[in-house]
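Sequence lines set the chain letters: A, B, ... in the order given, protein chains first and strands last, and positions in each chain run from 1.
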Amino acid sequence: MALRLFDTYTRSLREFKPLQLPEVRLYTCGPTVYDYAHIGNLRTYIFEDILRRVLEFNNYPVRHVMNITDVGHLTSDADTGEDKMEKGSRRTGMTAWQLAEFYAQAFKQDLQRLNIQEPTLWCKATDHIAEQIAFIQCIEANGYTYRTFDGIYFDTSRLPNYGYMARLNIEGLQAGARVEMGEKRNSTDFALWKFSSPGERRQMEWSSPWGVGFPGWHIECSTMSAEYLGTFFDIHCGGEDHIAVHHTNEIAQTEACHGTRLANFWMHGYFLQLDEQKMAKSTGGFLRLQTLLDRGYDPLAYRMFALSAHYRAKLNFTWESLDGAATALNRLRTAIYEWGSPGDGPAGQVDTGYAQRFLEQVNDDLNMPRAMALVWDLVKSDLAPAVKRATVLYFDRVLGLSLAEWKPVAEALPPEVLALVSQRQQARKEKRYKDADALRMQVSAAGFEIEDTPQGPRVHQRK
RNA sequence: GGCGACGUGGCCAAGUGGUAAGGCAAGGGUCUGCAAAACCCUUAUACAUGGGUUCGAUUCCCAUCGUCGCCUCCA
């Protein structure tokens, strides 16, 4: 079963073939670390994680590089825009460098909680300033740059193919007249190097052949991907919002310097929406993974939720649907746990029929909704429990739900709750059911639920 | 203004030129002192609207309405 992936560049499904084994080379655009990631951001990283796992499921070793954008960029294209890192620095009292480190760590913690595999290599923009300068010099030597009062710009009119991937209608963009031009020659031109403003004291600035300043946003990805993966590698990923600007400009830079379109496949994850709206701080809806945890959700319930939609379709977040994912995940975990109980005989073999169908679904442009439907089909099948268990755990290499590790946890209970529970047991034993019910109410008021099982009462914190 | 996407039962969401996966919710049952959990069963005249093409459209085309995204830092 061939692996087929949707390539934004050609706007078509293409069979994936590695350019150069032994490794598949994958670059995924990472976060700008001036604030926490929200669950919309994280949806894209889950998509990329699934992609990587599917590649590995197809027995391709993957060299995966992710950048961390820790250089401050302007909040708008206008010269007056504020720098996000500098702004964040003022907001938090940390230096820009501390700020970057802090949010990078928070980001990595989110990935870990979601079972997202770490990239083979992390790279930071500020660790590659010299390389970025060299890259800009390469573009400059080939005649694609010009200088304005505030920076070195890329002249997009020199590139006949500019904007191909995004299918940009350049004239239409100009008709919009919503772009601050400054001294730019074309509305689509963008900064390669920005000068520090006269008199401004930036925390992050470097000297360059053109003057003191900092690199433009797009250059870091072209530079670092070339550095670690070569100038034409297998797959480059990011969010759908990157198609029109960021990735378009990465391609332009790389074409200007190396003559390649950077990656053989361009793949984009679509947005999570909150009440049919884009999730962004500016519109008020900003849910962090931690927000979900604070509400008592398992982080993997969010991963389960993300698996319910295709990566190339918008996904609408509601608490009701997250509840559904959480319930479904727990049912799946419980089933698998019970299939693995001692006394079920020898470890099962993976069922080849289901394995084949699963491969077909994930290889069909990562159709996780279909793959999950197959999982439920398997769960309800008549196969031996040990076989079901082995098969689902085999699928979990792609799903990443840590199904093998899960087991019911005994929660630590406050002593007073414990006392109430044991009093209730006593009351039940003596058939004083009214008292027992009253005690249940008290426990409930303390935020805990009692479940009576043949092994005795099980108490857990109410979500 | 330009470009693009989407509109499937209460919620989330697949999919196909021959009337539609899956999960959750809901209803009933088993179990339970009562519950919960679990398990079993069941349900719903669900494919935005109006045209067109076709033997036949939810699936193709056009229009309308609605929603959303990108064009500016953005997953």
query: Would a line drawn from the ring center of A:Phe305 to the ring center of A:Phe317 be shorter than 6.0 Å?
result: yes
- prompt: What is the nucleic acid contact for A:Lys434, judged by heavy atoms within less than 4.0 Å: base, sugar-phosphate only, or nothing?
  reply: nothing
- request: Find which nucleotide of RNA chain B each of A:Ser321 and A:Arg43 is nearest to by heavy atoms, and output the residue with the more 5' nucleotide.
  value: A:Ser321
Side-chain heavy-atom pair A:Asn67, A:Lys124 within 4.5 angstrom cut-off: no
Which nucleotide in B:G22, B:A13, B:G69 has an atom nearest any side-chain atom of A:Lys380: B:G22
message: So for A:Arg424 and B:G33, does any side-chain atom that can act as donor or acceptor lie under 3.5 Å from a complementary atom in the base?
response: yes
- prompt: Toward the 5' end of RNA chain B, which comes first, A:Val245 or A:Ala373, by nearest nucleotide?
  reply: A:Ala373
- request: Would you state whether a donor and an acceptor, one from the side chain of A:Asn169 and one from the base of B:C71, lie under 3.5 Å apart?
  value: no
field: Touch class at under 4.0 angstrom, heavy-atom based, for A:Tyr45 against every strand present
entry: sugar-phosphate
- prompt: Within the pair A:Arg331 and B:G23, is there a side-chain N or O less than 4.0 Å away from OP1 or OP2?
  reply: no
message: Under a 4.0 Å threshold between the charged nitrogen and the carboxylate oxygen, would A:Asp452 count as salt-bridged to A:Arg424?
response: yes
query: Taking the P atom of each, how far is B:G22 from B:G15, in whole Å?
result: 14 Å
- request: Compute the centroid of each ring, for A:Tyr394 and then for A:Phe358, and state whether the two points are separated by less than 6.0 Å.
  value: no
message: Whether the side chain of A:Asp241 and the base of B:G69 hold a donor-acceptor pair under 3.5 Å is what I'd like checked.
response: no
message: If I pick the P atom on B:A25 and the same atom on B:C31, what distance separates them, to the nearest angstrom?
response: 22 Å
message: Under 4.0 Å, heavy atoms only, any strand: does A:His310 hit a base, just the sugar-phosphate, or nothing?
response: sugar-phosphate
- prompt: In terms of side-chain geometry, is the basic nitrogen of A:Asp365 or A:Arg312 positioned less than 4.0 Å from the acidic oxygen of its partner?
  reply: yes
- line: One should report the stems of RNA chain B, each a stretch of at least three consecutive Watson-Crick or G-U pairs at distances under 3.5 Å, as B:1-7 with B:65-71, B:10-12 with B:22-24, B:26-30 with B:38-42, B:48-52 with B:60-64
- prompt: Is the A:Phe195 to A:Phe149 ring centre distance short of 6.0 Å?
  reply: no
- prompt: Is a donor-acceptor contact shorter than 3.5 angstrom present between the side chain of A:Arg458 and the base of B:A36?
  reply: no
Phosphate-side-chain proximity, A:Lys314 and B:C70, N/O vs OP1/OP2 below 4.0 Å: no
Pairwise C1' distance for B:A46 and B:G51, with rounding to whole Å: 23 Å
message: Any base atoms under 4.0 Å from A:Ile450, or only sugar-phosphate, or nothing? Heavy atoms, all strands.
response: base
message: Using atom P in both nucleotides, what's the gap between B:G66 and B:U49 to the nearest angstrom?
response: 15 Å
- prompt: Quick one: are A:Leu399 and A:Met368 in side-chain contact, heavy atoms under 4.5 Å?
  reply: yes
